[in-house]
Amino acid sequence: MDGSCKHCLKWIWVACFCFEFMLVSAEFHQFQHPVKAGGSLSFLVIGDWGRKGAYNQSQVALQMGKVGEKLGIDFVISTGDNFYEKGLATPYDPHFKHSFTNIYSANSLQKQWYSVLGNHDYRGDVQAQLSPILRKMDSRWLCLRSFLVNTEIAELFFIDTTPFVDEYFRNPKHQKFDWRGVIPRNKYLTRVLKELRCALRESVGKWKIVIGHHPIRSIGHHGQTKELITLLLPILEAYNVDMYINGHDHCLQHLSSITSPLQFFTSGGGSKAWKGDFDYLDGGEDDEIKFYYDGQGFMSVELTPTNAKIAFYDVSGNVLHSFSSNQLYYTHSTEM
């Protein structure tokens, strides 16, 4: 380990929510999450969801509960834009109960939720979503700016991507963002990238998965994020990251890089979707389009030490697309 990594990976152990918690410098925290007895892991991924059950949010949640029970999931990941349109107003905002606690009520979903912030969350009181008050109201909830989850066979790196986007600072239009904790921006981004680079360098996980709200590559409504292509993508490629998972585009999609092993997955179909809104020209020259669905749904991930299986589900629970890293194939079907 070089000197800079030793400086940014100072770990302090404390107990938290029945699993281990470690502080990894000013920005990153690390959580230990155990794998199943047989050494496998499974979780669901949902993004762009918090609309008090509207726009099929409740129907997606219903199917998540069924798939979660079938797979015996260990936790759930949220890729951001957790509460529309403007995040939470306070830690006591009833929006939290109406869009989260009351909606994801299935027994199989009563697991830890690891969440990142999206741009709509930054339009509210960011500190509210980060507040331990929410964790007391619903112990499943855990949202931080950037953090790591170590699951023995996989390490998941959660990155706060909203501060990377220039437009939110230069041309916010009529939107107001809560930049507390981010300003000065350049210093914040430099620190996040440094700590991610150090954590990836020291990673011993079989699988390296990075999660953020904004896509790096996408053929959806928002398209690719040029700032992440410039600043984040080279780091992911340099340290052989296996997957980048995001939301932001209200769709389900899978792009595969033809220049590296990196797979790009979008799970942003938690509620309102953009039917027919895509651009095949915006995926990037170095990416192969595996799958795109401009509707509501979610994603599952099953991991063993030797294989990763990804599946996308629609609002009725049908499997739309699956991908296995071991056999390097993908299939399309109409039922589970």
Side-chain angles (χ1 to χ4, degrees), residues 41-48 60 63-64 67 71 77 79 154 156-157 161 206-226 228-229 232-233 236-237 240-270 273-304 306-336:
L41 184 79
S42 61
F43 55 90
L44 302 182
V45 185
I46 186 73
D48 304 82
V60 172
Q63 298 303 327
M64 287 176 64
V67 173
L71 299 182
I77 287 175
T79 58
L156 296 90
F157 306 80
T161 61
K206 165 61 180 175
W207 302 102
K208 298 179 179 64
I209 303 172
V210 176
I211 298 100
H213 177 63
H214 294 77
I216 295 178
R217 300 291 195 187
S218 174
I219 60 171
H221 174 84
H222 290 298
Q224 58 193 20
T225 307
K226 64 181 186 302
L228 297 183
I229 292 174
L232 183 59
L233 181 58
L236 306 191
E237 292 180 334
N240 298 313
V241 169
D242 299 285
M243 309 176 204
Y244 179 76
I245 302 175
N246 61 270
H248 197 46
D249 272 334
H250 296 188
C251 63
L252 307 174
Q253 68 177 314
H254 173 199
L255 302 178
S256 179
S257 173
I258 61 174
T259 60
S260 76
L262 186 58
Q263 305 293 316
F264 302 99
F265 297 104
T266 296
S267 184
W274 296 316
K275 207 69 175 172
D277 192 351
F278 61 89
D279 183 358
Y280 281 116
L281 299 179
D282 198 30
E285 295 180 358
D286 296 332
D287 304 310
E288 180 182 352
I289 301 168
K290 295 287 190 179
F291 166 72
Y292 181 83
Y293 175 69
D294 54 344
Q296 292 122 341
F298 60 99
M299 170 181 164
S300 69
V301 179
E302 298 175 80
L303 298 175
T304 70
T306 58
N307 188 38
K309 181 180 179 181
I310 297 3
F312 288 96
Y313 306 81
D314 68 11
V315 71
S316 298
N318 299 317
V319 177
L320 301 175
H321 168 77
S322 63
F323 171 82
S324 171
S325 66
N326 186 34
Q327 299 177 15
L328 295 178
Y329 74 92
Y330 69 100
T331 61
H332 294 268
S333 63
T334 56
E335 4 179 88
M336 293 179 60

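Everything numeric in this text was worked out from a predicted model, so none of it was measured. Keep in mind that the numbers below use all heavy atoms, side chains included, and drop hydrogens, waters and symmetry copies.
Relative orientation of the His222 and His248 rings is parallel, given thresholds of 30° and 60° on the angle between their planes.
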Side chain to side chain contact (heavy atoms under 4.5 Å, CB included) for Phe323 and Phe291? Distances and angles first, verdict last. CA-CA 10 Å; Phe323 171 82; Phe291 166 72; over 6 Å; no
Let's go through Val315 and Gln63 carefully: what are the C-alpha distance in whole Å and the side-chain angles of both, what is the deciding distance for side chain to side chain contact (heavy atoms under 4.5 Å, CB included) to 0.1 Å, and is it a yes or a no? CA-CA 7 Å; Val315 71; Gln63 298 303 327; 5.8 Å; no
For the pair Phe43 and Leu156, evaluate side chain to side chain contact (heavy atoms under 4.5 Å, CB included) and give the outcome as yes or no after the intermediate values. CA-CA 12 Å; Phe43 55 90; Leu156 296 90; 3.9 Å; yes
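Partners of Phe298 by ring-ring contact (aromatic ring centres under 6.0 Å, His included), not counting sequence neighbours, listed by chain and number: Tyr313. Residues satisfying the side-chain hydrogen bond (donor to acceptor under 3.5 Å, both in side chains) test with Asp48, not counting sequence neighbours, are Tyr84, His250.
Side chains of His221 and Asp294 form no contact here, defined as non-hydrogen atoms less than 4.5 Å apart. Under the 4.5 Å side-chain criterion, counting only non-hydrogen atoms from C-beta, Tyr293 is not in contact with His321. The closest side-chain heavy-atom distance from Leu228 to Tyr244 is below 4.5 Å. Using a 4.5 Å heavy-atom threshold, the side chains of Glu302 and Leu71 count as touching. Using a 4.5 Å cut-off on side-chain heavy atoms (C-beta onward), Gln253 and Ile219 make contact.
Nearest approach of His213 to Thr161, heavy atoms of both residues: N-OG1, 3.3 Å. For the residue pair Phe264 and Ser257, the shortest heavy atom distance occurs at CE1-CB, 4.1 Å.
Here OG of Ser324 is found 3.5 Å from CG of Asn307. Values are rounded to the nearest 0.5 Å. Interatomic distance, CD1 of Ile310 versus CG of Leu303, reported as 6.5 Å (0.5 Å rounding). The NZ atom of Lys206 lies 14.5 Å from the CG atom of Leu41; values are rounded to the nearest 0.5 Å. Atom CG of Leu262 and atom OG of Ser256 lie 8.5 Å apart (nearest 0.5 Å). Rounding to the nearest 0.5 angstrom, the gap separating the NZ atom in Lys309 from the OG atom in Ser300 is 7.5 Å. To the nearest 0.5 Å, atom NE2 of residue His214 and atom OG1 of residue Thr79 are 11.0 Å apart.
At least one donor-acceptor pair closer than 3.5 Å links the side chain of Asp314 to the backbone N or O of Ser316. With hydrogens and angles ignored, the 3.5 Å screen pairs no side-chain donor or acceptor of Ser267 with any backbone N or O of Ile245. For the pair Trp207 (side chain) and Thr304 (backbone), a donor-acceptor distance under 3.5 Å is present. Looking at Thr225, its side chain does come within 3.5 Å of a backbone N or O of Pro215 through a donor-acceptor pair.
Across Ile46, Ile209, Val45, Leu44, a single residue satisfies side-chain contact (heavy atoms from CB on, under 4.5 Å) together with Ile77, and that is Val45.
Donor-acceptor pairing under 3.5 Å is recorded for the side chains of Thr266 and Asn246.
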